[in-house]
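Owing to the predicted nature of the structure, the values given are computational and were not obtained by experimental measurement.
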Amino acid sequence: METKSTKTFAQIISKEQNLPQRGVENTMSLLAEGCTIPFISRYRKERTGGLDEVQIAAIADMADRLADMAKRKETVAGTITELGKMTPELQKRIDSCWNAAELEDIYLPYKPKRRTKAQAARELGLEPLAAIIMAQRDNDIERTAMRFAGGEVGGAANAIKGAQDIIAETVSESERTRNTVRAAYRRGAVITSKVVKAKADTDAAAKFADYFDFSEQLRRCPAHRLLAMRRGEEEGVLRLSISAEGDDSAERVGRHYVARGGGKCSRLVAEAVDDALKRLVRPSIETEFAAMAKERADEEAIHVFAQNLRQLLLAAPLGQKRVMGIDPGFRTGCKVVCLDGQGALLHHEAIFPHPPANRRAEAAKRMEAMVERYNVEAIAIGNGTAGRETESFVKSLTFARNVRCYMVSEDGASVYSASETAREEFPDEDVTVRGAVSIGRRLMDPLAELVKIDPKSIGVGQYQHDVNQKLLKKSLDQTVVSCVNSVGINLNTASRHLLAYVSGLGPSLARGIVEYRQEHGPFASRAELKKVPRLGPAAYQQCAGFLRIPGAANPLDNTAVHPESYKIVERMAADAGCTVAELTASPEKRRGIDIRKYVTDTVGLPTLTDIMDELDKPGRDMRGQAENFEFDPNVTSIDNLAEGMELPGIITNITNFGAFVDIGVHQDGLVHISQLSDSFVTDPTQVVRLRQHVMVRVLGVDRKRKRISLSMKGLRKHG
């Protein structure tokens, strides 16, 4: 990217994002050099001024948009120049314009377009007549029009009508006209939804009943409502429109074009202005506002999805325990797998404790035998069909060892079990075995297992199929990358799928690392990564700080301290009269270090502070420990529910209108945003998190529609 462009982009981004321009410029330079967002936010704080991942991602996104805008400006300027209509003033306007709507308004009069009524009238030679009418000084326009009425025109009336079409297009292409109408929509745009009468009584229409006759100010319409209405429109159930309350644009535009006392010509111009607004301008501005509203709703829905995904990926792991995974079922039985501490499959079989087989005693004996034989420390049970019944069965058993039982979300497990990844891992096993393995591994390490699944299949989104799919994928991929690099990855146990998300790697290098590990054994140090084929200095710089080697000879290899900073820690240890290992083990020695002594031109207090924080907690997992949870044993179906009941639950999904909670009845209930807290809530993610254990009160039960209304007001929150 050119220095001039970088400077210009940085100025615009700095102003819009309210960030220091120097930090923006440096961030853009680092991105251009191939640095990743996690690397920049973690290891280049001095250059960015301490910008976080969200700010850096915003800079990257806006820089991309501005680059696209710059290309569009080149196209616009090139087209106008080819037409021979470029002027110094017009070129200056285009060069200084960085607003997409404004640029398109500038371009509109010159933009190649399909044959319009106005174009047809121009081809008939009616442009001079349009100019005469616009001047509004001719007292006998019908007589004047006769001069243009011959040939294909077909009379004076047709000539005047053609001239009005030219005037209407001229008015519609005026920036002043478009901005006047745009301002009216900005002040009072209202979205209206009506049911398509032919579809009103169909089953497909029932879910859109709230929008059969609905209107709301567009700026107040929340993302979930707008996306729901748009889905209804796409399914042919609803008809949407956007209009402007208090729209006085006709009067305002008319004052500009229609002269007082202009007689017949003034009336003709007024008619052309009305035609321009109704036929050309308002539909265009309505489309523009509909697109902006959709873009805003997409951003909001994608943001909610990304936040939910982050919370799910960063859920606390059980760790390297020997786990039994159970994929519950009634008719087909429960598929049981036993995994070692690294998640490798040791054994699998099916048991049939539920109807119709009801081989409960046999299932109990086999479960107890598997727990003993494979030294099972924890049991993970999928929360889908037969989940509660299987949990009850397992908890009724007596094992020779202490075994804790956990309910695990099954969302996406079936997608994984049928995927190429699962077939590659378990080519000789069927989908039920693979699904049970996924359930067990999710308990051990949610992040490591969930990265194998398309984020859209994990079940924490809101209208994910209705939003911009390109932006959704980009946001979710960024979220996965952020989570993986925030946690740090064990270089010697991570799968290639997990390694692929590490800063600077990707699928090819991740596969190379795994192949090297298989051939040469575990990595003894981070430096050994340099021996992996095609993993060059740039990739090593980007990835090294995010990879961990527990038990390495150099204790820093199991921390987030980057290898480029090892010499700083070695100097600290030498000044403290000890080894690096002793420094990491001794809080007293670390307290004696004055980090200001180690500030240089390239290493500042932010980096030194991060180093000391890492030395305080080497190898610690930021995600904490998995917690056990139990539903109310007396409530297993929606028929057991009654208003006023207080029940334990797990938050399964968060939207901008509330949170969904699993209370163990095979149907999640909704805690509306107004019921999340005793205080006013604008953002549900500020008061609850995914997989959080909560207490809820039943407000209402609609058994026919399978809807459960819940409240968390006045109740304690767990975890």
Side-chain angles (χ1 to χ4, degrees), residues 54 57 61 193 204 207-208 210-211 221-238 240 290-315 383-384 409-419 421 438 442 446-447 449-484 497 501 650-662 667-673 683-685 688-692 706-707:
V54 175
D61 289 343
S193 171
K207 58 186 174 183
F208 302 109
D210 292 342
Y211 307 113
C221 186
H224 67 274
R225 193 172 295 151
L226 181 70
L227 293 171
M229 286 190 285
R230 285 182 64 95
R231 181 183 291 179
E233 183 179 43
E234 288 176 9
E235 294 185 13
V237 174
L238 303 177
L240 304 186
M292 287 193 300
K294 173 64 163 55
E295 184 178 337
R296 188 185 71 243
D298 282 1
E299 289 176 357
E300 193 174 327
I302 289 171
H303 176 68
V304 170
F305 199 152
Q307 284 186 311
N308 285 348
L309 178 62
R310 173 178 294 278
Q311 293 177 19
L312 196 61
L313 293 174
L314 295 181
N383 68 343
S409 171
E410 285 186 14
D411 287 331
S414 60
V415 174
Y416 162 78
S417 63
S419 70
T421 298
S438 182
R442 286 190 193 195
L447 178 62
E449 192 62 21
L450 291 173
V451 294
K452 301 174 186 177
I453 303 170
D454 182 347
K456 288 192 294 183
S457 301
I458 296 177
V460 293
Q462 176 191 357
Y463 295 101
Q464 60 260 42
H465 301 295
D466 300 292
V467 301
N468 184 306
Q469 295 300 295
K470 183 179 178 181
L471 292 180
L472 176 63
K473 184 179 187 309
K474 182 178 180 181
S475 176
L476 298 186
D477 284 348
Q478 283 182 344
T479 300
V480 177
V481 167
S482 173
C483 291
V484 168
H497 310 94
Y501 286 103
I650 301 175
I651 293 179
T652 58
N653 202 358
I654 302 173
T655 71
N656 55 10
F657 57 85
F660 288 93
V661 180
D662 182 1
Q667 178 63 51
D668 289 355
L670 173 65
V671 182
H672 188 265
I673 188 171
D683 180 0
T685 62
V688 292
R689 67 178 188 277
L690 213 62
R691 308 306 298 170
Q692 181 179 354
K706 292 187 176 180
R707 291 188 176 182

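- Panel note: side chain R442, backbone E449; no donor-acceptor pair is recorded below 3.5 Å.
- For S419, the side-chain contact (heavy atoms from CB on, under 4.5 Å) partners at least two apart in sequence or on another chain are Y416, T421, A422.
- Note: K207 NZ to R231 CZ = 6.5 Å, rounded to the nearest 0.5 Å.
- Partner of S409 under the side chain to side chain contact (heavy atoms under 4.5 Å, CB included) criterion, chosen from I650, L450, N383: N383.
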Go through V467 and Q469 one step at a time and tell me if the side-chain contact (heavy atoms from CB on, under 4.5 Å) criterion holds.
CA-CA 6 Å; V467 301; Q469 295 300 295; 4.2 Å; yes
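- For the side-chain contact (heavy atoms from CB on, under 4.5 Å) test, residues two or more places apart in sequence or in another chain that qualify with R230 are L226, L240, K294.
- Considering CG of L309 and OG of S475, their distance stands at 8.5 Å, rounded to 0.5 Å.
- Remark: side-chain polar atoms of Q311 are not paired, donor with acceptor, to backbone N or O of A306 under 3.5 angstrom.
- The main-chain N or O of I654 is found under 3.5 Å from a side-chain atom of N308 such that the two form a donor-acceptor pair.
- Taking 4.5 Å as the limit, every side-chain heavy atom of D668 sits out of range of all side-chain heavy atoms of N653.
- Using a distance-only test at 3.5 Å, with no hydrogens or angles considered, no donor-acceptor pair links the side chain of N656 to the main chain of P684.
- In terms of modelled atom types and a separation under 3.5 Å, the side chain of D298 and the main chain of N468 share a donor-acceptor contact.
- Across all non-hydrogen atoms, the minimal contact from A659 to I651 is CB-CG2, 4.3 Å.
- Considering every non-hydrogen atom in both A223 and A301, the closest pair reads CB-N, 4.5 Å.
- With a 4.5 Å cut-off on side-chain heavy atoms, P455 and Q464 do not count as touching.
- Side-chain contact check for L472 versus K456: some heavy-atom pair is nearer than 4.5 Å.
- S438 is not listed as a side-chain neighbour of K452, based on a closest heavy-atom distance of 4.5 Å or more.
- Using a 4.5 Å cut-off on side-chain heavy atoms (C-beta onward), F305 and T479 make no contact.
- When side chains are defined from C-beta on, Q307 counts as touching H303, because their heavy atoms get closer than 4.5 Å.
- By the 4.5 Å heavy-atom criterion applied to side chains, R691 and T652 are counted as neighbours.
- D466 CG to H224 NE2: the interatomic distance, rounded to the nearest 0.5 Å, is 13.5 Å.
- Separation of atoms CD1 (I453) and NE2 (H497) is listed at 11.0 Å; rounding is to 0.5 Å.
- Counting only distance, with no hydrogens or angles, the side chain of S193 and the backbone of Y211 share a donor-acceptor pair below 3.5 Å.
- The closest donor-acceptor contact from the side chain of S482 to the backbone of Q478 lies at 3.5 Å or more, if one exists at all.
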